[in-house]
Participant: 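First the structure, which I've put down as structure tokens, then a few questions once you've had a look.
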Amino acid sequence: MEEKELSLRQLSRKQVREVYRERMKEDFPRTELKPLMMIERSIQKGIYECLGMFEGDKITAYVYFVRTNRIYLVDYLAVYPEYREKGYGTRMLEKLQEYLRDADLVLGEVEIPSYAETEAEESVRTRRLDFYLRAGMIDTGIRMRCFNVPFEILRFPIGRDCTREEIIQAYQAVYRRLLPARMFEHNVLLLPDSSAGERIR
């Protein structure tokens, strides 16, 4: 992709709603999509950020993430259809890492390909996972089931070294800030995983 001037900016309340209704409902399965009201409440609490990557005044990609202290969880990240396969996804990840350069830990979730119900769905999940790994994200080996969706937990190559147990605790801490206690206990579950204690760089 030829070098173009791209900037990462906070989305306005109107833009958050437009992205949700016009893109997120198309870009993500219904099972993964939080209600808009929950997102807006989390923004008001100061624990949720919604950013767009702009080329001029046009949004080319967006990222929504949760934060607790200096720990971040990327909730949604997608490129607008007309900009896909042109390097904009890689640019978004680069700009996001620059934006979060002072973070202790930045995590992401990717649906586990082997849990897909169809070959087509498995192929989409595999391509998505391969993209993140090629971009330098690290597979932590941790698998979570969140609202019945099984995820591989990835981390960005920034921040401090952490053990698996610390990553699990950080992931859970983010969701504890988002969800009522009872909802958290029933919907954020650790899938069978290898033993804790190994450091993840």
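Everything quoted here is computed from the prediction, not taken from an experiment. All values below come from the heavy atoms of this structure, side chains included, with hydrogens, waters and symmetry mates left out.
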Participant: Do V79 and T60 have side chains that approach each other closer than 4.5 Å (heavy atoms only, starting at C-beta)?
Facilitator: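 V79 does not reach T60 side chain to side chain.
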
Participant: Could you go step by step and tell me if L51 and L11 meet the side-chain contact (heavy atoms from CB on, under 4.5 Å) rule?
Facilitator: CA-CA 5 Å; L51 305 177; L11 296 177; 5.6 Å; no

Participant: Check whether more than 12 heavy atoms from other residues, nucleotides or ligands sit under 6.0 Å from atom CD of E85, and answer yes or no.
Facilitator: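 Check fails, neighbour count at 12 or below.
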
Participant: Would you indicate whether the side-chain heavy atoms of E5 and E55 approach each other to under 4.5 Å?
Facilitator: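 Sidechains of E5 and E55: no contact.
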
Participant: Applying ring pair (Phe, Tyr, Trp, His ring centres under 6.0 Å), name anything that partners F151, two or more places apart in sequence or on another chain.
Facilitator: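 With neighbours one apart ignored, the set is empty.
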
Participant: I need the Q172 CD to I167 CD1 distance, nearest 0.5 Å.
Facilitator: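 Those atoms lie 12.0 Å apart.
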
Participant: The test is side-chain contact (heavy atoms from CB on, under 4.5 Å); show your working for T31 and N148 and say whether it passes.
Facilitator: CA-CA 8 Å; T31 53; N148 210 36; over 6 Å; no

Participant: Nearest 0.5 Å, please: how far is CD in Q10 from CD in Q15?
Facilitator: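 Q15 CD to Q10 CD: 10.0 Å, rounded to 0.5 Å.
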
Participant: Quick one: list whatever passes side chain to side chain contact (heavy atoms under 4.5 Å, CB included) with K14, sequence neighbours left out.
Facilitator: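 For K14 the side chain to side chain contact (heavy atoms under 4.5 Å, CB included) partners, ignoring immediate neighbours, are S12, E18.
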
Participant: Please round to the nearest 0.5 Å and tell me the distance separating atom SG of C50 and atom CD1 of I39.
Facilitator: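 The SG atom of C50 sits 6.5 Å away from the CD1 atom of I39.
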
Participant: Applying ring pair (Phe, Tyr, Trp, His ring centres under 6.0 Å), which residue pairs with at least one partner in residues 97-119 are found, sequence neighbours left out?
Facilitator: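 For residues 97-119: none.
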
Participant: For R125 and A116, work out which heavy atoms get closest and say how close.
Facilitator: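 Closest approach of R125 to A116, heavy atoms only: NH1-N, 3.4 Å.
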
Participant: Just jot down the side chain to side chain contact (heavy atoms under 4.5 Å, CB included) partners of E98, sequence neighbours excluded, or say none.
Facilitator: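 Testing E98 for side chain to side chain contact (heavy atoms under 4.5 Å, CB included), a comparison that skips the adjacent residues, returns R101.
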
Participant: What are the two closest non-hydrogen atoms of R67 and R177, and how far apart are they?
Facilitator: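 Heavy atoms of R67 and R177 come nearest at O-NH1, 3.6 Å.
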
Participant: Please list all pairs passing the ring pair (Phe, Tyr, Trp, His ring centres under 6.0 Å) test where one or both residues lie in residues 39-71, with sequence neighbours left out.
Facilitator: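 Non-adjacent pairs meeting ring pair (Phe, Tyr, Trp, His ring centres under 6.0 Å): Y62-Y64, F65-Y72.
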
Participant: Assigning hydrophobic clusters by single linkage (Ile, Leu, Val, Met, Phe, Trp, Tyr; side-chain heavy-atom cutoff under 4.5 Å), is L93 placed with Y80?
Facilitator: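 Yes; Y80 is reachable from L93 via cluster members.
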
Participant: Considering all heavy atoms of both residues, which atom of Y88 and which atom of L6 are nearest to each other, and what is their separation?
Facilitator: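 Heavy atoms only, the tightest pair is CE2-CD2, 3.9 Å.
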
Participant: With sequence neighbours left out, what residues match D104 under side chain to side chain contact (heavy atoms under 4.5 Å, CB included)?
Facilitator: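 Here the qualifying residues are R70, R160.
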
Participant: What residues form a side chain to side chain donor-acceptor pair (under 3.5 Å) with E40, not counting sequence neighbours?
Facilitator: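 Counting only residues at least two positions away or on another chain, E40 forms a side chain to side chain donor-acceptor pair (under 3.5 Å) with R17.
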
Participant: With side-chain contact (heavy atoms from CB on, under 4.5 Å) as the criterion, how do M137 and R155 come out once you've worked through the C-alpha distance, each side chain's angles and the decisive distance to 0.1 Å?
Facilitator: CA-CA 6 Å; M137 294 185 69; R155 71 166 295 180; over 6 Å; no

Participant: Pick one: which of L96, L105, D102, V106 meets side chain to side chain contact (heavy atoms under 4.5 Å, CB included) with I158?
Facilitator: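 With I158 as partner, side chain to side chain contact (heavy atoms under 4.5 Å, CB included) holds for just one option, V106.
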
Participant: Determine, using the 4.5 Å side-chain heavy-atom cutoff (strictly less than), whether L36 and M24 are members of one ILVMFWY cluster.
Facilitator: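 Both belong to a single hydrophobic cluster.
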
Participant: Got a donor-acceptor contact below 3.5 angstrom from the E32 side chain to the P29 backbone?
Facilitator: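 Flag not set: sc E32 to bb P29 has no pair under 3.5 Å.
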
Participant: What distance do K95 atom NZ and R9 atom CZ have between them, rounded to the nearest 0.5 Å?
Facilitator: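 Between K95 NZ and R9 CZ, I get 10.5 Å after rounding to 0.5 Å.
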
Participant: Got more than 12 heavy atoms from elsewhere within 6.0 Å of CD, E82?
Facilitator: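 Yes, enclosed.
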
Participant: Apply side-chain contact (heavy atoms from CB on, under 4.5 Å) to I59 and V19, showing your working.
Facilitator: CA-CA 9 Å; I59 300 176; V19 169; 4.2 Å; yes

Participant: Hydrophobic clusters here meaning ILVMFWY residues chained together by side-chain heavy-atom distances under 4.5 Å, can you tell me if F28 and V66 are in one?
Facilitator: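 Yes, it is one cluster - the side chains of F28 and V66 are joined through contacts under 4.5 Å.
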
Participant: Restricting to non-hydrogen atoms, name the atom on R164 and the atom on I142 that form the minimum distance, rounded to 0.1 Å.
Facilitator: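 Where R164 meets I142 most closely, the heavy atoms are O-CD1, 3.6 Å.
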
Participant: Quick check for you: to the nearest 0.5 Å, what is the distance between I168 atom CD1 and T163 atom OG1?
Facilitator: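 Output value for this atom pair is 8.0 Å.
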
Participant: Taking side chain as C-beta onward, heavy atoms only, is T68 less than 4.5 Å from L73?
Facilitator: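 Result no, sub-4.5 Å side-chain heavy-atom pair not found.
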
Participant: Test of understanding: with side chain to side chain donor-acceptor pair (under 3.5 Å), list the residues that count as partners of K34, not counting sequence neighbours.
Facilitator: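 Once residues adjacent in sequence are excluded, the partners of K34 under the side chain to side chain donor-acceptor pair (under 3.5 Å) criterion are D75.
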
Participant: Can you list everything that forms a side chain to side chain contact (heavy atoms under 4.5 Å, CB included) with S114? Sequence neighbours excluded, please.
Facilitator: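 Expected list: I112.
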
Participant: Can you name the closest pair of heavy atoms from I153 and T140 and give their distance?
Facilitator: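 I153 and T140 have their closest heavy atoms at O-OG1, 2.7 Å.
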
Participant: Given side chains that start at C-beta, do those of S42 and L178 come closer than 4.5 Å, heavy atoms only?
Facilitator: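 The answer is yes, as the side chains (C-beta and beyond) meet within the 4.5 Å cut-off.
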
Participant: Membership question, hydrophobic clusters at under 4.5 Å side-chain separation (ILVMFWY): are V124 and V110 in the same one?
Facilitator: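 No, no single cluster joins them.
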
Participant: Can any side-chain N or O of D139 pair as donor or acceptor with the backbone N or O of G141 at less than 3.5 Å?
Facilitator: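 Yes.
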
Participant: Does a side-chain heavy-atom distance below 4.5 Å link E109 with L154?
Facilitator: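 Not touching, per the 4.5 Å side-chain cut-off.
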
Participant: State, yes or no, whether a side-chain contact exists between P81 and E26 at a heavy-atom distance under 4.5 Å.
Facilitator: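 No. Closest side-chain heavy atoms not under 4.5 Å.
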
Participant: Please report, to 0.1 Å, the donor-acceptor pairs under 3.5 Å made by any side chain of residues 179-188, with sequence neighbours excluded.
Facilitator:
| residue | atom | partner | partner atom | Å |
| --- | --- | --- | --- | --- |
| H186 | ND1 | R182 | O | 2.9 |
| N187 | ND2 | M183 | O | 2.8 |

Participant: Just grab all the ring pair (Phe, Tyr, Trp, His ring centres under 6.0 Å) pairs involving residues 153-174, residues at least two apart or on different chains.
Facilitator: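 Every ring pair (Phe, Tyr, Trp, His ring centres under 6.0 Å) pair that includes a residue of residues 153-174, provided the two are not neighbours, is Y171-Y175.
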
Participant: Quick one: does K58's side chain get under 4.5 Å of Y83's, heavy atoms only?
Facilitator: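 Heavy-atom side-chain distance check passes, below 4.5 Å.
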
Participant: Quick one, L33 and K25 - any side-chain contact, counting heavy atoms below 4.5 Å?
Facilitator: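 Result yes, sub-4.5 Å side-chain heavy-atom pair found.
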
Participant: Taking all heavy atoms of M92 and all of L8, pick out the closest pair and write down the distance.
Facilitator: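 That would be SD-CD1, 3.7 Å.
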
Participant: Please list, one pair per line, the donor and acceptor atoms closer than 3.5 Å that link side chains of residues 126-134 to other protein atoms, with sequence neighbours excluded.
Facilitator:
| residue | atom | partner | partner atom | Å |
| --- | --- | --- | --- | --- |
| T126 | OG1 | E122 | O | 2.8 |
| R127 | NH1 | S123 | OG | 2.9 |
| R128 | NH1 | E111 | OE1 | 3.2 |

